[in-house]
K.L.:
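Encoded as structure tokens, here's the structure I'll be asking about.
What you see is a predicted model; the values in this text were computed from it and never measured. Computed over heavy atoms, backbone and side chain alike; hydrogens, waters and symmetry mates excluded.
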Amino acid sequence: MRGIARLRQLLRRKWAGYAPISALDRAQFDQDMLRPVPQQQYVMFFTPRSGSSRVADLLSRTKRMGRVTESFNPNFMPNMTRAMNAASLEDYCLMLERRMQKGRVAGFQITQPQLHVVFGNESRFLARYGHCPTIWLIRRDLVLQAVSLYKMVTTGVSHSPHLSADALHHAAAGLIYDAAAIRYWIDHLRHIERATEALIARLQETGAQAPLRLCYEDNAAAPAATCIRAIAAHIGVDLPQDLVFVSPHRKVGNDRNQQFAERFRNEHPALINQLERERATMLGKITPLPTPDAAPP
């Protein structure tokens with residue numbers, strides 16, 4: 001919990017609040033308010049290093065499922081809120097749905113820490129987005145996910161579209177095994193999982209549609225079209241059968257990630273057994289993706 005509290009504190013430093021109206025183009029804001037609202041919105045909850053950036057890129061490239069980003073990431077919001085001339089959270093939400101839609105559909109990704117920093121509490125978030133279809137993206141291999149997160153924070157390399165293989169290798173060359181850091185990120189990820197599961201349970205109590213539960217490993221193993229078409233079906237969007245799904249995102253992890261994860265498992269068998277017990281029910285709810293033969297062409 002101390003780690004999550006520290007993360008929220010760091011995020012709040014990135015997000016100091018909205019610019020004063022005098023610094024914004026409110027005439028443009030009023031003009032943008034005349035844009036049509038989307039017919040459908042959706043929310044993707046996720047944990048870091050779960051393949052969320054690739055999924056968002058693929059969704060955006062359909063041009064029918066919105067321009068999907070981490071719209072409420074405090075690291076991005078200073079620039080995004082100014083670009084949308086938003087002077088409040090209400091302004092920002094109104095602009096997001098109008099300016100980030102494609103095909104009359106809008107969607108965004110958000111983590112629990114981001115939600116609490118920007119909205120303050122779940123009730124405020126649910127008051128605006130509780131009616132939206134949801135997707136919940138996680139990773140089966142929590143240890144490997146924690147290694148990936150440790151590597152990202154240590155090296156500063158998060159995504160791969162514009163990096164060569166040599167650049168990726170060089171960035172990770174000096175990475176050393178750090179069991180304490182890996183454990184820290186395991187605890188961080190577990191907090192996000194538990195908090196998101198609690199939020200989903202709260203939504204279910206209101207009669208909301210059950211989330212589409214996806215995982216990194218299934219998405220990586222299946223053709224890109226399989227995951228994106230599953231999301232489209234879940235939110236009620238018809239995609240053309242001849243749509244091509246291609247993304248420049250590729251794996252950043254390498255053999256060292258696997259080696260670190262295996263070493264950590266061998267050194268902490270009791271913790272691994274505990275994690276397997278705690279996560280069994282959640283993992284059992286992951287929505288199976290259609291097999292290639294069953295998926296639409």
Side-chain angles (χ1 to χ4, degrees), residues 25-46 52-73 76-77 79-110 114-115 118-119 124-137 200 203 206-214 219 223-247 249 287 289-290 295-297:
D25 186 343
R26 294 298 283 183
Q28 183 62 54
F29 177 89
D30 292 339
Q31 185 66 31
D32 288 336
M33 279 295 294
L34 300 177
R35 298 187 185 197
V37 297
Q39 297 173 338
Q40 180 64 289
Q41 295 189 77
Y42 63 98
V43 178
M44 180 180 294
F45 300 113
F46 72 101
S52 58
S53 296
R54 176 176 177 268
V55 173
D57 181 60
L58 287 165
L59 289 169
S60 299
R61 287 172 183 272
T62 68
K63 301 186 185 303
R64 294 166 174 83
M65 301 177 73
R67 293 163 55 197
V68 183
T69 66
E70 293 179 44
S71 300
F72 297 102
N73 187 327
F76 307 152
M77 284 186 65
N79 290 335
M80 290 185 69
T81 54
R82 281 181 175 270
M84 296 189 182
N85 298 297
S88 67
L89 179 59
E90 178 69 13
D91 285 354
Y92 186 51
C93 292
L94 291 172
M95 281 298 100
L96 281 175
E97 62 187 42
R98 286 164 171 78
R99 292 182 56 177
M100 300 298 280
Q101 65 172 314
K102 289 288 184 181
R104 301 299 301 276
V105 177
F108 62 86
Q109 297 177 323
I110 192 168
Q114 294 169 4
L115 184 157
V118 176
F119 287 85
R124 193 178 185 190
F125 176 82
L126 294 177
R128 175 164 286 279
Y129 296 113
H131 65 286
C132 298
T134 56
I135 298 100
W136 177 206
L137 176 60
I200 289 171
L203 276 169
T206 69
Q209 179 185 9
L212 175 68
R213 294 171 176 267
L214 301 174
N219 293 346
T226 306
C227 168
I228 304 308
R229 289 193 182 280
I231 295 174
H234 180 69
I235 66 177
V237 172
D238 292 324
L239 294 179
Q241 294 302 314
D242 60 351
L243 198 63
V244 176
F245 301 87
V246 178
S247 172
H249 286 261
T287 309
L289 291 176

K.L.:
For the residue pair Pro290 and Thr226, what are the closest heavy atoms and their distance?
P.N.:
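Heavy atoms of Pro290 and Thr226 come nearest at O-CG2, 3.4 Å.
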K.L.:
About how many Å separate CG of Leu89 and CZ of Phe125, when rounded to the nearest 0.5 Å?
P.N.:
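Phe125 CZ to Leu89 CG: 10.5 Å, rounded to 0.5 Å.
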K.L.:
Does Thr287 use its side chain to pair, donor to acceptor, with the backbone of Leu214 at less than 3.5 Å?
P.N.:
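Not a single qualifying donor-acceptor pair exists.
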K.L.:
Applying side-chain contact (heavy atoms from CB on, under 4.5 Å), can you list everything that pairs with Ala87, at least two apart in sequence or on another chain?
P.N.:
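Partners of Ala87 by the side-chain contact (heavy atoms from CB on, under 4.5 Å) criterion, ordered by chain and then number, come out as Ile21, Leu24, Arg26, Asp91.
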K.L.:
Just by distance, do the side chain of Tyr92 and the backbone of Ser71 share a donor-acceptor pair under 3.5 Å?
P.N.:
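Present.
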K.L.:
What distance separates Met80 CE from Met95 CE, expressed to the nearest 0.5 Å?
P.N.:
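The distance works out to 12.5 Å.
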K.L.:
Apply side chain to side chain contact (heavy atoms under 4.5 Å, CB included) to the pair Val55 and Ile231, showing each step before the final yes or no.
P.N.:
CA-CA 10 Å; Val55 173; Ile231 295 174; 3.9 Å; yes
K.L.:
So, using side-chain contact (heavy atoms from CB on, under 4.5 Å) as the criterion, who are the partners of Leu203 when residues are at least two apart?
P.N.:
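With neighbours one apart ignored, the set is Leu126, Thr134, Ala208.
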K.L.:
Tell me every residue that passes side chain to side chain donor-acceptor pair (under 3.5 Å) with Gln28, counting only those two or more places apart in sequence or in another chain.
P.N.:
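Result, side chain to side chain donor-acceptor pair (under 3.5 Å) vs Gln28: Asp32.
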K.L.:
If the condition is salt bridge (charged side-chain N to carboxylate O under 4.0 Å, His left out), which residues does Arg213 pass it with, not counting sequence neighbours?
P.N.:
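Once residues adjacent in sequence are excluded, the partners of Arg213 under the salt bridge (charged side-chain N to carboxylate O under 4.0 Å, His left out) criterion are Glu197.
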K.L.:
Please name all residues satisfying side chain to side chain donor-acceptor pair (under 3.5 Å) with Thr62, sequence neighbours left out, ordered by chain then number.
P.N.:
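In terms of side chain to side chain donor-acceptor pair (under 3.5 Å), with neighbours along the sequence ignored, Thr62 is linked to no residue.
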K.L.:
Sequence neighbours excluded, which residues qualify as side chain to side chain donor-acceptor pair (under 3.5 Å) partners of Ser52?
P.N.:
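Testing Ser52 for side chain to side chain donor-acceptor pair (under 3.5 Å), a comparison that skips the adjacent residues, returns none.
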K.L.:
Which residues pass the ring pair (Phe, Tyr, Trp, His ring centres under 6.0 Å) test with Phe29, not counting sequence neighbours?
P.N.:
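If we apply the ring pair (Phe, Tyr, Trp, His ring centres under 6.0 Å) test to Phe29, skipping adjacent residues, there are no hits.
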K.L.:
Can you tell me how far apart SG (Cys93) and CZ (Phe108) are? Round to the nearest 0.5 Å.
P.N.:
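So the gap between those two atoms works out to 7.5 Å.
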K.L.:
Hey, could you give me the CZ/CG distance between Arg99 and Asn85, rounded to the nearest 0.5 Å?
P.N.:
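It is 7.0 Å, given to the nearest 0.5 Å.
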K.L.:
Is the CG atom of Asp30 crowded by more than 12 outside heavy atoms at less than 6.0 Å?
P.N.:
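Counting neighbours around CG of Asp30, more than 12 heavy atoms of other residues, nucleotides or ligands fall under 6.0 Å, so yes.
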K.L.:
For Arg64 and Val237, which heavy atoms make the closest approach, and how far apart are they?
P.N.:
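Looks like O-CG1, 4.0 Å.
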K.L.:
Run the side-chain donor-acceptor check on residues 38-46: report pairs under 3.5 Å with partners two or more places apart or on a different chain.
P.N.:
residue, atom, partner, partner atom, Å
Gln40, NE2, Ile235, O, 3.0
Gln41, NE2, Glu97, OE1, 3.4
Tyr42, OH, Met65, O, 2.6

K.L.:
Which atoms form the tightest heavy-atom contact between Phe72 and Val118, and what is the distance?
P.N.:
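The answer is O-CG2, 3.3 Å.
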K.L.:
Holding to side-chain contact (heavy atoms from CB on, under 4.5 Å), I want the full list of residues that pass it with Arg67, two or more places apart in sequence or in another chain.
P.N.:
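Testing Arg67 for side-chain contact (heavy atoms from CB on, under 4.5 Å), a comparison that skips the adjacent residues, returns Met100, Lys102.
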K.L.:
With the side chain counted from C-beta on, respond yes when Phe245 and Leu239 share a heavy-atom pair under 4.5 Å apart, and no when they do not.
P.N.:
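Side chain of Phe245 against side chain of Leu239, heavy atoms only: contact under 4.5 Å found.
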K.L.:
Using a 6.0 Å cut-off, check whether atom CZ of Arg124 has over 12 heavy atoms from anything other than its own residue.
P.N.:
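Open.
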K.L.:
Holding to side chain to side chain donor-acceptor pair (under 3.5 Å), I want the full list of residues that pass it with Arg128, two or more places apart in sequence or in another chain.
P.N.:
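For Arg128, the residues satisfying side chain to side chain donor-acceptor pair (under 3.5 Å) (neighbours in sequence not counted) are Glu90.
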K.L.:
How close do Arg229 and Pro240 get, counting heavy atoms only, and between which atoms?
P.N.:
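Closest approach of Arg229 to Pro240: NH2-O, 2.8 Å.
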K.L.:
Given side chains that start at C-beta, do those of Arg98 and Val37 come closer than 4.5 Å, heavy atoms only?
P.N.:
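The answer is yes, as the side chains (C-beta and beyond) meet within the 4.5 Å cut-off.
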